[in-house]
Amino acid sequence: MHGNSTLQGTINICWCHKLHMLEIKRVPLHLFTGLQNLRTQLKVLICTRCVQSLQELFSSCGGDKSSEQAWPELHTVCLSFNQIQQLDDSLKLLTGVCVLDLSHNNITDVGYYLEYLSELTHLNLGYNQLERIPALSIGARNKLQSLVLRNNKLENLQGLEQFRNLQELDVANNCIIETVQLMYLSTLHLMTKLILQGNPVSFHPYYRITVVKNMSPAVVTQKVYLDGRKLSRAELKYVPKGDVYKLRTTATMFEASVNSADYWLDTSQPSSLTSALTDDDMESLVHQGSRSKGKSSKGKKKIKKRQPLIDDHTSDSSVPNSIASTDRKSVV
């Protein structure tokens, strides 16, 4: 239902006995009645530019002013482009929600409220004011497949390690500066889509390779897209080797990474590959595409040259007397 400037009075929707999807746009919630009768049957709920608090919607049911009651069939909730500033305990009524979109609001902190949602698989909190990765319940940590946190105020990626089955991550246009924060990508073994563009770290001269070097070894077995572009075979060569790539928790173990904060502020540092890549990596990048193909040596055996005990060009005069005298006796 879409509102307009001539709308007057209340809207009673209690007669929609078979309604499974409801979309409300630009209509104040207090004008709705009968919403409480739909709580047991609604599966998809979309509210745009009409919600100021979650409690008004899920607990009070708008104009019904009803008591708390669960929404057992609801699995998809989209509350984007509203004026929500904080979450509340009304989320405990949405035990079956799998998809939650709270993008384009003014949320500064989600607190512990998202831990009520144990079935979450897709979470969109983009275009808010968040400064840290949200905490989820144990069940949701293992089920979450897609997480969108673009256009927030994130300065670090701490907390990503809890989402081990995450497949898609969008943290574009945040405030991530240090490449050391990429360490938290190493536990995301099922990652297929990663968006980091718009962060200061994405302006690093060897940004893509630095990201790849902090990914899980498991990504080599699947198609992975970084900022919308598929990782090439050359880039996949920098994926860490091994079956298990343990999360490194201290900055001292990141000698191969650049301290980007110092990198951007200290202009006296050389603009080479710095410590993010080894010398072999540098040589590989510099000469990539310019190396000529040599002849195949497959099937040919290398002849191992015998090293003489005494140089064949050594004169008899240079041989020690003891060895020379022994040779003479043997001849006699």
Side-chain angles (χ1 to χ4, degrees), residues 99-103 107-115 117-118 120-202 204 207-220 222 224-228 231 238-240 242 244-251 253-254 256-258 260-261:
V99 180
L100 178 61
D101 185 351
L102 291 169
S103 62
I107 303 172
T108 57
D109 187 9
V110 299
Y112 63 87
Y113 299 108
L114 289 179
E115 297 183 14
L117 309 177
S118 59
L120 269 183
T121 58
H122 298 80
L123 176 61
N124 188 347
L125 287 167
Y127 297 90
N128 280 284
Q129 308 294 325
L130 298 177
E131 297 182 356
R132 58 182 179 178
I133 302 295
L136 303 182
S137 66
I138 296 178
R141 294 174 194 172
N142 298 325
K143 297 176 182 178
L144 194 67
Q145 300 175 15
S146 173
L147 178 61
V148 179
L149 293 169
R150 62 163 46 225
N151 290 83
N152 276 280
K153 297 181 179 180
L154 300 177
E155 295 184 358
N156 65 77
L157 297 176
Q158 184 176 1
L160 284 180
E161 67 277 7
Q162 61 183 315
F163 310 128
R164 296 186 177 269
N165 291 320
L166 194 65
Q167 299 176 19
E168 299 182 1
L169 174 63
D170 184 352
V171 289
N173 301 320
N174 277 281
C175 306
I176 302 169
I177 298 177
E178 299 178 350
T179 57
V180 70
Q181 297 301 324
L182 302 176
M183 62 184 279
Y184 296 103
L185 300 175
S186 62
T187 58
L188 306 181
H189 308 303
L190 303 180
M191 180 63 61
T192 58
K193 180 180 178 182
L194 174 62
I195 302 179
L196 281 163
Q197 63 187 11
N199 287 280
V201 70
S202 66
H204 187 281
Y207 153 69
R208 289 181 66 87
I209 291 179
T210 305
V211 173
V212 171
K213 289 171 74 72
N214 285 277
M215 284 185 166
S216 165
V219 301
V220 297
Q222 54 212 20
V224 181
Y225 291 83
L226 174 58
D227 295 339
L231 292 180
Y238 294 96
V239 174
V244 179
Y245 185 53
K246 295 184 178 180
L247 181 64
R248 295 169 289 184
T249 57
T250 59
M253 299 184 67
F254 269 80
S257 299
V258 179
S260 299

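Computed from heavy atoms alone, side chains included, the values below leave out hydrogens, waters and symmetry copies. Just so we're clear, the structure is a prediction, and the values are computed from it rather than from any experiment.
Applying the ring-ring contact (aromatic ring centres under 6.0 Å, His included) criterion to Y207, with sequence neighbours excluded, gives no partner residue.
Counting only distance, with no hydrogens or angles, the side chain of N152 and the backbone of L125 share a donor-acceptor pair below 3.5 Å. Here the side chain of Q158 pairs no donor or acceptor atom with the backbone of Y184 at under 3.5 angstrom. Without hydrogens or angle criteria, N199 side chain to L154 main chain gives no donor-acceptor distance under 3.5 Å. Checking side-chain atoms of N214 against main-chain N and O of V212 turns up no donor-acceptor pair under 3.5 Å. Checking side-chain atoms of E115 against main-chain N and O of Y113 turns up no donor-acceptor pair under 3.5 Å. Between the N151 side chain and the N173 main chain, no donor and acceptor come within less than 3.5 Å of each other. The backbone N or O of L157 sits less than 3.5 Å from a side-chain atom of Q181, completing a donor-acceptor pair. Counting only distance, with no hydrogens or angles, the side chain of S103 and the backbone of Y127 share no donor-acceptor pair below 3.5 Å.
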List, one per line, each side-chain donor-acceptor pair under 3.5 Å for residues 129-138, sequence neighbours excluded.
from : atom 1 : to   : atom 2 : distance (Å)
Q129 : OE1    : K153 : NZ     : 3.1
R132 : NH2    : D109 : OD2    : 3.4
S137 : OG     : A140 : N      : 3.2

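A distance of 11.0 Å separates SG in C175 from CG in N156, rounded to the nearest 0.5 Å. One finds the OG atom of S186 at 7.5 Å from the CG atom of L188 (value rounded to the nearest 0.5 Å). Rounded to the nearest 0.5 Å, atoms CG (L166) and CG (L190) are 8.5 Å apart. Remark: D170 CG to Q197 CD distance equals 8.0 Å, nearest 0.5 Å. The OG1 atom of T121 lies 9.5 Å from the NZ atom of K143; values are rounded to the nearest 0.5 Å.
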### Task
Go through V201 and T210 one step at a time and tell me if the side-chain contact (heavy atoms from CB on, under 4.5 Å) criterion holds.
CA-CA 10 Å; V201 70; T210 305; over 6 Å; no
### Task
Could you go through the side-chain contact (heavy atoms from CB on, under 4.5 Å) check for L196 and D227 one step at a time?
CA-CA 6 Å; L196 281 163; D227 295 339; 4.2 Å; yes
### Query
R208 and L231: side-chain contact (heavy atoms from CB on, under 4.5 Å), yes or no, with the steps?
CA-CA 9 Å; R208 289 181 66 87; L231 292 180; 3.5 Å; yes
### Derivation of the side-chain contact (heavy atoms from CB on, under 4.5 Å) call for V110 and N128
CA-CA 11 Å; V110 299; N128 280 284; over 6 Å; no
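Residue R150 comes nearest to I195 through the heavy atom pair NH2-CG2, 4.0 Å, listed as atom of the first residue, atom of the second, then distance. Considering all non-hydrogen atoms of both residues, N142 and N165 come closest at O-ND2, 2.6 Å. Listed here is the closest heavy atom pair of Q162 and R141: OE1-NE, 3.1 Å. In terms of heavy-atom proximity, E161 sits nearest to R164 at O-CG, 3.7 Å. Heavy-atom minimum distance, T192 versus E168: OG1-CG, 4.3 Å.
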